Each structure stands twice: as structure tokens, then as C-alpha cells.
Amino acid sequence: MTFQLPDLDYAYDALEPHLDALTMEIHHSKHHAGYTAKLNAAISGTALEGSSIEDILSACADSPGIRNNGGGYWNHCFFWESMSPSSSSAGPSGSLSEAIKSAFGSFEEFKSEFKKAALTRFGSGWAWLCMGDNGLSICSTPNQDNPLMNIGGCGDTPILGIDVWEHAYYKKFGPGRGDYIDAWWNVVNWGVIEDRFNSASQ
Ligand code: MN
């Protein structure tokens, strides 16, 4: 069994004008495809060959090739599913909306704290919204690490993540990582995030 690059549920230009088509195409067909191929090569012939990606990520801390490419594979699958051309700019509803107010005070305050985590991640990495025993929390990881690896104090169940590698925004936004984050809110698929939150809350 090998991992496959997933198709997107929308066209490369479907997230315009917020995320540009060329960035989406390169990000999916080059970067994500590269992580997928390198993950398959890295686990080939090892004890992790045939394991689920979740099992691989929980056991990869000491294997840089599997850690970087397994994280890259999973993170981008999660990222594409987190976005939609028909996002609701009003944000989440229902129990997730209530949990955000409980944890952060308001949706606007949540967005401010999440943006801060994404902006202050030095170099390449990700920012995450996670659900755990103590409710919602925000954390960030370097490179292609993620909360499923449970290293570096970021280990609850991720329900939303933003890629802040320069390859995710530089063509359109240049060094303006904050402008990219502001635009990205317009394409978050809150229905998917609510489903993840409800699963993680059970
Ligand atoms: Mn990326």
C-alpha cells in the first residue's frame, strides 16, 4: 500500500481572488506530490510500510525523512479539506461557535490569536486550532511537524491548520504573511471544521 496524492474537491482557481490559481496548482501538484512520493520512498522496506498515516506520524520523531514527508503528506491533505470556494465569512456556528467564545472571548479575538501564532512562527511551519480535554487551544509547529506527532507542546486533536511556508503565499503576497492570513479566512470551510470539532468532542 502506498499513499496517493488526493484530488482537490475544487479547481485550482476556485479560491480566487483570495488564494491564486498558480500558487494552488504548484502547491498541490508539485509540493504535496513531492511529500507524497518521498513519504512512500522513506517508509518502503521499513516496519512502518503499510501503517496508517496516523500511526506513522506518532512514531516518526527520530526519522527525519519520514517525519518531514509524512507530516507534509498529512498536513496538506488536512489543509485542502479545510478550504472551500463557498466559505461562510460569518465563521462557525453551533457548538464550535460556542466553544470559540468560551475559549477566546469572541470569534474576532480567536482570529487575532490564531493570526498571531501564524505570524510569529519563525521560518516555515503551521499554526493550529486544536481540541482537547481542556477545550480549544492554539499552537504552532515548525517545518512539517503537526499535533499528531505530539512533540513540542502541540498535541491535542487538530481541527484547523494554516500553512505558513512561503510557498503557500509568496507569489501573490510576497513577504506579506499577514495579508495572506487575512485573505485565507475567506476560504475556510467551517462545515468541515465543525465536523472535526464534534468528532474530537465525543
Ligand atoms: Mn505547503
Side-chain angles (χ1 to χ4, degrees), residues 2-43 53-54 56-57 60-61 63-85 87 114-130 138-149 151-152 154 157-189 192-193 196:
T2 58
F3 294 101
Q4 306 288 328
L5 178 69
D7 292 330
L8 301 187
D9 289 336
Y10 41 82
Y12 288 134
D13 64 358
L15 304 182
E16 295 267 10
H18 311 294
L19 302 191
D20 65 286
L22 182 58
T23 296
M24 288 295 297
E25 179 174 359
I26 294 170
H27 202 170
H28 177 259
S29 70
K30 301 298 183 188
H31 292 280
H32 196 189
Y35 295 125
T36 305
K38 289 175 184 173
L39 169 63
N40 286 327
I43 61 173
I53 187 62
E54 290 81 9
I56 289 170
L57 294 176
C60 67
S63 307
I66 299 176
R67 178 175 173 172
N68 292 335
N69 293 296
Y73 170 77
W74 187 90
N75 291 351
H76 289 86
C77 293
F78 189 81
F79 187 59
W80 311 135
E81 292 170 0
S82 301
M83 299 189 291
S84 166
S87 170
F114 189 88
K115 180 179 180 181
K116 181 179 175 187
L119 271 178
T120 56
R121 164 50 52 194
F122 184 76
S124 298
W126 294 72
W128 307 96
L129 174 65
C130 296
I138 291 167
C139 61
S140 79
T141 53
N143 306 313
Q144 295 295 356
D145 287 356
N146 66 44
L148 278 69
M149 299 174 185
I151 42 184
C154 194
T157 302
I159 64 171
L160 177 66
I162 185 171
D163 186 344
V164 294
W165 283 58
E166 287 185 347
H167 69 224
Y169 61 87
Y170 215 86
K171 282 189 179 303
K172 180 177 174 70
F173 297 97
R177 186 188 287 190
D179 295 334
Y180 155 67
I181 298 165
D182 290 343
W184 178 77
W185 292 118
N186 292 299
V187 297
V188 173
N189 189 344
V192 166
I193 315 311
R196 292 173 180 160

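Owing to the predicted nature of the structure, the values given are computational and were not obtained by experimental measurement. Side chains are part of it too, since the values below use all heavy atoms of this structure and drop only hydrogens, waters and symmetry mates. In listed order, ligands and their atoms are each counted from 1.
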Calculate the angle formed at the Mn ion (ligand 1) by OD2 in Asp163 and NE2 in His27; 10° precision is enough.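 With the Mn ion (ligand 1) as the vertex, the angle is close to 90°.
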
Taking both backbone and side chain into account, is any N, O or S atom of His167 nearer than 2.8 Å to the Mn ion (ligand 1)?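 Yes - counting backbone and side chain alike, His167 has an N, O or S atom under 2.8 Å.
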
Just checking: His76, one of its N/O/S atoms, less than 2.8 Å away from the Mn ion (ligand 1), yes or no?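 A backbone or side-chain N, O or S atom of His76 is under 2.8 Å from the Mn ion (ligand 1).
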
Using ring centroids (six-membered ring only for Trp), state whether [Y] and [X] fall under 6.0 Å.
X	Y	result
His27	Trp80	yes
Tyr73	Phe3	yes
Phe114	Trp185	yes

Mind checking the OG1-OH spacing from Thr23 to Tyr169? Nearest 0.5 Å is all I need.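 Going from the OG1 atom of Thr23 to the OH atom of Tyr169 covers 11.5 Å.
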
